[in-house]
Amino acid sequence: MTGPGPMPAREPDIAFAAEIPHASRLWPEYHESYYGTFVRDPDGNNVEAVCHQP
């Protein structure tokens, strides 16, 4: 059985009906190439997506 295939690229709030408390951006206070976004899912959990590549 195969799945529906890859999801198209979209903003996290559209893909998961979540709130975005902090916009995607560099967070140099963590380190110089820390790029991340935070979303709050429908259950209220704070979820972070991050990239560490320069």
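For Thr37 (side chain) and Ala49 (main-chain N/O), no donor-acceptor pair under 3.5 Å exists by modelled atom type. Panel note: side chain Asp41, backbone Asp43; a donor-acceptor pair is recorded below 3.5 Å.
Residues Phe38 and Val50 share a single hydrophobic cluster, defined by chaining ILVMFWY side chains whose heavy atoms lie under 4.5 Å apart.
The minimum heavy-atom distance linking Leu26 with Glu32 is given by the pair CD2-O, 4.2 Å. For the residue pair Ser33 and Pro54, the shortest heavy atom distance occurs at CB-CA, 3.7 Å.
Environment of CD in Glu48: crowded, with over 12 heavy atoms of neighbouring residues, nucleotides or ligands closer than 6.0 Å. Other residues, nucleotides and ligands contribute more than 12 heavy atoms inside 6.0 Å of the CD atom of Glu29.
Qualifying ring pair (Phe, Tyr, Trp, His ring centres under 6.0 Å) partners for Tyr35, counting only residues two or more places apart in sequence or in other chains: none.
Between Tyr30 and Trp27, the angle of the ring planes stays under 30°, which puts this pair in the parallel group of the 30/60° scheme.
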